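Below is one structure; the comments refer to it alone.
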Number of protein chains: 2
Amino acid sequence: MSTTNSLAVEDLGSAAQRDRRKRILDATITLASQGGFDAVQMRAVAEQADVALGTLYRYFPSKIHLLVSALQREFERTETALRDRPIEGDTTAERVITVLKRTTRGMQSDPQLTEALTRAFMFADASVAAEIHQVGMLLTSMLTRVMHPEGHTELTEEDVAIARVIGDVWLSALVGWVTGRSTAAETGQQIEVAVKLLLRD
Amino acid sequence: MSTTNSLAVEDLGSAAQRDRRKRILDATITLASQGGFDAVQMRAVAEQADVALGTLYRYFPSKIHLLVSALQREFERTETALRDRPIEGDTTAERVITVLKRTTRGMQSDPQLTEALTRAFMFADASVAAEIHQVGMLLTSMLTRVMHPEGHTELTEEDVAIARVIGDVWLSALVGWVTGRSTAAETGQQIEVAVKLLLRD
DNA sequence: GGACAAAGTGGAACGTGTTCCTATTTTAGA
DNA sequence: TCTAAAATAGGAACACGTTCCACTTTGTCC
């Protein structure tokens with residue numbers, strides 16, 4: 001497609017296309033923030049992004065793709081923001097708990113948005129595997145970096161395994177909270193317990 | 001309601017009602033086995049159960065309720081079947097891994113059914129909290145019993161916490177498999193790693 | 001057994017995700 | 001600049017979860 005802009009890893013097309021994509025994702029986030037998963041209606045997204053319904057489907061082949069892509073963009077922002085900030089805490093467990101709780105609090109400050117994105121993530125099937133994988137990598141890299149902030153320590157297989165288990169627990173806790181089956185406090189507790197079990201050294 | 005049948009803990013109504021409920025759940029399982037979540041269509045369930053659509057909704061207020069109730073019934077069966085069988089394995093970790101892998105294999109032998117039930121479980125909101133909680137309790141009790149088969153050992157808080165974390169990992173692994181993001185082998189591996197991390201003593 | 005309430009039937013109707021079609025606009029290449 | 005291809009607009013149409021309604025059957029109480 002675009003032969004001029006060869007710098008970007010992902011080819012996002014022309015400026016107009018990039019702009020449309022951005023408008024669509026912005027509209028998605030806005031609607032999700034206001035009314036959660038159910039409020040992200042494809043017709044409403046198209047209208048708010050000033051795009052035809054067919055065009056919306058050309059950019060994102062389903063509501064789930066749309067929401068997972070929005071999640072990916074949000075998560076990348078969070079991850080970048082976190083990268084610059086120094087990580088407080090002496091022990092590994094402390095650092096992981098601090099960072100996870102902070103992130104969780106951030107998500108819980110916009111419950112509707114979190115609900116929409118988490119729901120989409122859980123419902124995504126194989127056709128969204130690429131986006132999902134991207135998010136999973138971001139999470140794992142975030143966790144392992146928190147575990148070994150120096151950066152020069154070699155990551156062991158066990159580190160990665162632990163990061164993965166923590167990610168699983170985090171996701172389960174988030175789903176419990178999003179679906180109204182547990183409170184914010186319980187969510188934090190659940191994560192803390194798991195981290196302490198896994199990082200007791 | 002029924003004053004005669006006071007033995008049952010849950011009042012399930014008349015024999016006709018119990019029969020309808022059973023027919024509906026049977027139809028649900030059949031359709032789910034054949035075509036997964038998407039194939040469980042409310043009109044199809046009603047027809048196969050020989051029940052009007054309105055009646056189906058009287059028994060189960062939504063598709064999610066229906067599927068989670070089916071999951072509950074299936075899980076109760078599995079759990080009872082497992083209860084009678086002796087648990088092989090010397091160490092706690094071995095026993096847990098054996099049981100979990102066996103259960104997972106059982107589910108993977110009916111992929112469509114597993115997909116339908118897991119999807120529903122993940123999508124359930126607060127209105128299904130009761131049924132979800134029931135399933136969660138079954139899983140935890142199953143795990144703790146495997147961890148302490150003698151029955152006379154007192155359950156510590158840590159035992160329950162570990163069981164919960166394992167349950168979370170299991171669920172995440174299952175979702176990954178159901179949504180086509182990981183293979184059956186990876187699912188087993190994921191569980192095994194987590195259990196070994198949590199039960200290393 | 002008659003009357004009343006509860007449960008069930010059959011099907012229309014509505015909302016939202018998704019698909020599809022035609023006309024118009026934008027873009028790329030000669 | 002002209003033309004063919006690609007992208008977009010606008011909106012109808014379809015599928016399935018869900019609701020609703022008028023009518024019939026079943027169950028209960030006197």
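In what follows, every chain begins at residue 1, and chains take the letters A, B, ... in the order their sequences are listed. Note that the coordinates shown come from a computational prediction; the quantities given were computed from them, not determined experimentally.
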Rounded to whole angstrom units, what separation is found between the [atom1] atom of [X] and the [atom2] atom of [N]?
X: B:Lys63; N: C:dG15; atom1: NZ; atom2: C1'; result: 16 Å
X: A:Glu47; N: D:dG10; atom1: CD; atom2: P; result: 11 Å
X: B:His65; N: D:dG17; atom1: NE2; atom2: P; result: 16 Å
X: B:Tyr57; N: C:dA12; atom1: OH; atom2: C1'; result: 15 Å
X: A:Arg119; N: C:dG17; atom1: CZ; atom2: P; result: 14 Å
X: A:Leu56; N: C:dT19; atom1: CG; atom2: C1'; result: 13 Å
X: A:Ile64; N: C:dT16; atom1: CD1; atom2: P; result: 16 Å
X: A:Asp50; N: D:dG10; atom1: CG; atom2: P; result: 8 Å

Choose from [options] the nucleotide whose nearest atom is closest to any side-chain atom of [X].
X: B:Gln41; options: C:dG8, D:dT18, D:dG17; result: D:dG17
X: B:Leu53; options: C:dT9, C:dA12, D:dG17; result: C:dA12
X: B:Arg20; options: D:dT8, C:dT9, C:dT18; result: C:dT9
X: A:Arg58; options: C:dG10, D:dA7, C:dG17; result: D:dA7
X: A:Met42; options: D:dA9, C:dG17, C:dA13; result: C:dG17

- Rounded to the nearest 0.5 Å, what separation is found between the CD atom of B:Glu115 and the CZ atom of B:Phe37?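 Reported value, rounded in 0.5 Å steps: 8.0 Å.
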- For A:Asp159 and A:Thr144, run side-chain hydrogen bond (donor to acceptor under 3.5 Å, both in side chains): C-alpha distance rounded to whole Å, both residues' side-chain angles, the deciding distance at 0.1 Å, then the answer. CA-CA 7 Å; A:Asp159 290 334; A:Thr144 50; over 6 Å; no
Does a side-chain N or O of [X] approach OP1 or OP2 of [N] to a distance below 4.0 Å, or not?
X: B:Thr55; N: C:dT9; answer: yes
X: A:Arg43; N: C:dT16; answer: no
X: A:Tyr59; N: D:dA7; answer: no

- Task: Please check if the side chain of A:Arg23 supplies one atom and the backbone of A:Ala49 the other of a donor-acceptor pair under 3.5 Å.
- Result: yes
- Task: Assign the ring pair A:Phe123 / B:Phe123 to parallel, tilted or perpendicular, where the plane angle (0 to 90°) is split at 30° and 60°.
- Result: tilted
- B:Glu74 and B:Arg77: salt bridge (Lys or Arg N to Asp or Glu O under 4.0 Å), yes or no, with the steps? CA-CA 5 Å; B:Glu74 290 297 295; B:Arg77 288 181 180 170; 3.5 Å; yes
- Note on the structure: Contacts of A:Gly54 and B:Pro61 projected onto DNA chain D by closest heavy atom; the upstream (5') one is A:Gly54
- Item | Closest-nucleotide ordering on DNA chain D, the 5'-leading residue of A:Ala52 and B:Ala16 |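 The residue mapped nearer the 5' terminus is A:Ala52.
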- Message: Regarding B:Val40, tell me which of base, sugar-phosphate or nothing describes its non-hydrogen contacts under 4.0 Å with the strands shown.
- Response: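 Here B:Val40 touches the backbone only, sparing every base.
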